[in-house]
2 protein chains.
Amino acid sequence: MIYRYVPSLTALRTFESSARHMSFTKAAEELNVTQSAVSRQIRQLEDELGIRLFERVRQRLVLTEAGASYVLEVRKGLDQLKAATLNLLAYQGVGGELLLACLPTFGSRWLIPRLGRFTSQHPEINVNLVTRIEAFNFESEDIDAAIYFGDSNWPGTISDKLMGEEMIPVCSPNIFNDRQEIKKPEDLRHHTLLQLRSRPYAWQEWLKSKDTHDINPAAGPKFEQFHMIINAALTGLGVALLPAFLIKEELSQGLLVQLFEDSVRGRNAYYLVYPENKRGLPRLQTFRRWLLREASRHEMNYSPQSNNKLQNHPDI
Amino acid sequence: MIYRYVPSLTALRTFESSARHMSFTKAAEELNVTQSAVSRQIRQLEDELGIRLFERVRQRLVLTEAGASYVLEVRKGLDQLKAATLNLLAYQGVGGELLLACLPTFGSRWLIPRLGRFTSQHPEINVNLVTRIEAFNFESEDIDAAIYFGDSNWPGTISDKLMGEEMIPVCSPNIFNDRQEIKKPEDLRHHTLLQLRSRPYAWQEWLKSKDTHDINPAAGPKFEQFHMIINAALTGLGVALLPAFLIKEELSQGLLVQLFEDSVRGRNAYYLVYPENKRGLPRLQTFRRWLLREASRHEMNYSPQSNNKLQNHPDI
DNA sequence: AAACATCATTCATTAAACTCATGACTTCTT
DNA sequence: AAGAAGTCATGAGTTTAATGAATGATGTTT
């Protein structure tokens with residue numbers, strides 16, 4: 001944590017420029033100093049590191065292997081510091097960019113419709129969305145926070161539960177009306193169960209909760225994403241088990257019908273996750289407060305019997 | 001490209017330490033200077049940036065919003081420079097780590113079996129493999145180079161063609177012997193065509209090259225990765241269209257049989273790709289030279305009629 | 001109320017970075 | 001082939017930046 005072995009930025013900047021121009025003289029021009037100053041900086045840097053960065057071959061400079069590797073890494077570091085500083089100057093410290101990873105269907109059907117409210121409340125914060133289906137690494141990806149689905153163990157991060165998920169079986173009204181009636185779970189035997197690849201145990205859990213054991217829960221076409229399985233259900237390909245809140249529109253317009261009245265609450269949930277070292281990022285905390293409020297409002301609508309989730313977050 | 005707006009390393013280091021301890025006195029201890037020096041460094045940094053980083057509220061320090069955001073970014077930059085320097089000192093500039101992204105099946109069946117030779121020739125270079133199925137961004141991912149399949153337009157990068165791909169239809173010997181004989185492409189009508197999700201047009205291209213038009217090229221179960229479709233073919237689920245070199249073992253052991261003698265060469269190929277700014281990285285160039293040689297040797301085995309690909313790379 | 005913190009400030013000192021002038025060598029030009 | 005022009009290196013001196021010591025101002029703890 002202590003940056004003892006980092007050479008001075010003057011030295012690194014001088015080295016970077018020299019390597020880019022392959023000339024101390026040109027570097028000196030660019031940096032508005034004399035060639036002598038550049039020559040000395042490089043030499044001192046080399047002495048300090050104990051490694052030659054340039055070979056001086058007949059009045060010409062050639063990067064050594066060490067120098068060639070080092071300059072690439074140094075450039076990354078300087079770029080980062082430059083970007084940080086320019087960003088600070090641009091936004092004057094308030095607001096700024098927030099890069100959020102999000103599941104695609106959750107993003108398009110839940111988050112984005114609400115995001116306008118956040119933006120108007122906090123015009124200084126610029127939320128950028130990127131979709132991720134699989135888990136990723138905060139270390140290597142530069143994402144500020146993520147909304148994902150699962151349970152809350154993700155080491156090195158802080159998770160806030162947003163909402164659970166009510167799974168309901170739905171199908172197109174054509175299926176519901178035209179063919180065999182579906183009155184009890186067993187009647188699903190004669191229908192195609194649409195499968196979501198990221199939730200392989202969805203039907204199994206649901207059927208078990210209904211004490212229905214003689215239906216193969218894994219048979220049926222598999223889909224990658226929610227929006228694909230929603231489309232499949234809309235076109236009458238079969239029965240899908242979907243979170244109620246993602247198909248609110250389709251249900252209210254009668255494009256999909258719910259097959260049984262009661263819903264099943266899965267054990268997994270949606271979480272906001274962010275790395276521990278971003279705990280102190282003001283714009284992230286602002287977003288978090290807003291998101292938790294929206295989620296708790298959502299929970300109250302979708303499961304009035306459950307506790308008000310605001311109680312879980314006394315700090316908002 | 002010129003790092004004019006980057007404050008001095010001393011200032012940034014002092015700021016980082018102060019923010020971590022939330023105390024100028026403690027930071028001074030850590031940095032082995034007096035509290036006075038720290039106080040003035042911070043003030044000067046604030047003046048230079050024109051933004052307050054700490055609020056001094058009743059002899060206590062509190063980070064401003066600006067300071068809280070800035071310190072996170074500054075820390076990243078300093079970490080990068082520290083890592084770069086320690087790396088340089090550790091490896092003394094020769095060799096080092098090389099992070100390579102690779103398609104999973106290509107990695108396990110082609111690259112890894114050969115990688116031992118590279119490692120023994122170049123023990124100073126440490127090749128780390130990571131698998132990627134989809135395209136990614138060199139900017140955000142910190143990967144040195146990638147082996148991918150496709151055509152060679154990937155902006156901002158340099159590509160070297162490694163090898164083409166001979167697609168051959170194969171199936172389990174059970175299918176081949178027990179059921180209807182397969183003598184000509186039309187006979188495939190009665191068989192299941194196994195599909196690979198990343199090559200949706202594979203069968204279509206192949207059937208077209210055989211002038212066979214009355215078979216639906218897209219029907220059949222879809223698989224995510226080569227190793228899955230290989231397993232499916234092994235267990236007799238259907239006929240798969242696979243690159244010959246990936247199933248060398250299975251063919252020679254008789255676990256899979258090739259259905260027709262001639263092979264079809266796809267228009268896509270395997271490429272080594274790396275970002276332009278890594279052109280000068282010595283360990284990458286070393287790896288590249290070795291890889292191109294291995295690939296050309298491979299090409300000579302798998303397509304004796306094709307040109308010796310070494311001619312395409314006069315610089316090795 | 002006294003003792004002990006903390007950050008801020010002034011003045012003198014030390015260390016780092018730089019310029020100038022010049023030398024040694026190489027490459028280009030005529 | 002010789003001179004001009006360019007390159008990096010270096011010694012001596014100057015300028016600039018960073019620091020230390022002492023002290024002040026303000027708040028906290030006992």
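Lettering of chains follows the sequences in order, A, B, ..., and the numbering in each one begins at 1. Bear in mind that the values here come from a model prediction, so they are computed numbers and not experimental data.
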Participant: Does R43(B) make a side-chain N or O approach to OP1 or OP2 of dT9(C) shorter than 4.0 Å?
Facilitator: yes
Participant: Send over the distance from Q44(B) CD to dA8(C) P, rounded to a whole Å.
Facilitator: 14 Å
Participant: Rounding to an integer number of Å, can you tell me how far R52(B) CZ sits from dC7(C) P?
Facilitator: 15 Å
Participant: Assess the side chains of N128(B) and E97(B): does a donor N or O sit below 3.5 Å from an acceptor N or O?
Facilitator: yes
Participant: Please report the end-to-end axis angle for the helix from dA1(C)-dT30(D) to dT30(C)-dA1(D), five pairs per end, rounded to 10 degrees.
Facilitator: 30°
Participant: Not counting sequence neighbours, list each pair that qualifies as a salt bridge (Lys or Arg N to Asp or Glu O under 4.0 Å) and has a residue in residues 54-66 of chain B.
Facilitator: E46(B)-R56(B)
Participant: Not counting sequence neighbours, which residues clear ring-ring contact (aromatic ring centres under 6.0 Å, His included) with Y271(B)? List them please.
Facilitator: none
Participant: Using the test ring-ring contact (aromatic ring centres under 6.0 Å, His included), find all partners of F24(B) that sit at least two apart in sequence or belong to another chain.
Facilitator: F54(B)
Participant: What's the NE2-P distance between H21(B) and dA5(C), to the nearest Å?
Facilitator: 17 Å
Participant: Using a cut-off of strictly less than 4.0 Å, decide whether T25(B) has a side-chain nitrogen or oxygen near OP1 or OP2 of dC7(C).
Facilitator: yes
Participant: Under the ring-ring contact (aromatic ring centres under 6.0 Å, His included) rule, collect the residues that match up with Y91(B), sequence neighbours excluded.
Facilitator: none
Participant: Find the distance L45(A):CG to dA16(C):P and express it as a whole number of Å.
Facilitator: 15 Å
Participant: Which whole-number value in Å describes the distance from R13(A) CZ to dA17(C) C1'?
Facilitator: 12 Å
Participant: I'd like to check the side chain to side chain contact (heavy atoms under 4.5 Å, CB included) partners of I112(A); sequence neighbours left out, ordered by chain and number.
Facilitator: L129(A)
Participant: Spell out protein contact along nucleotides 19-30 of chain C as letters: B when the base is contacted, S when just the sugar-phosphate is, - when no protein heavy atom is under 4.0 Å; keep the 5' to 3' order.
Facilitator: BB---BBSS---
Participant: Taking the six-membered ring for Trp, are Y148(B) and Y270(B) closer than 6.0 Å centroid to centroid?
Facilitator: no
Participant: Holding to side chain to side chain contact (heavy atoms under 4.5 Å, CB included), I want the full list of residues that pass it with Q44(A), two or more places apart in sequence or in another chain.
Facilitator: none
Participant: E55(A) has an atom CD; how far is it from atom C1' of dT7(D), in whole Å?
Facilitator: 17 Å
Participant: Side chain of Q41(B): nearest nucleotide among dA8(C), dC8(D), dA18(D)?
Facilitator: dA18(D)
Participant: Whole-Å distance between dA5(C) P and L61(B) CG?
Facilitator: 17 Å
Participant: Which residues pass the side chain to side chain contact (heavy atoms under 4.5 Å, CB included) test with T157(B), sequence neighbours left out?
Facilitator: F138(B), W154(B), S159(B), V273(B)
Participant: Would you mind reading off the distance between R56(B) atom CZ and dA25(D) atom P, rounded to a whole angstrom?
Facilitator: 19 Å
Participant: Kindly say if S39(B) contacts the phosphate of dA8(C), meaning a side-chain N or O under 4.0 Å from OP1 or OP2.
Facilitator: yes
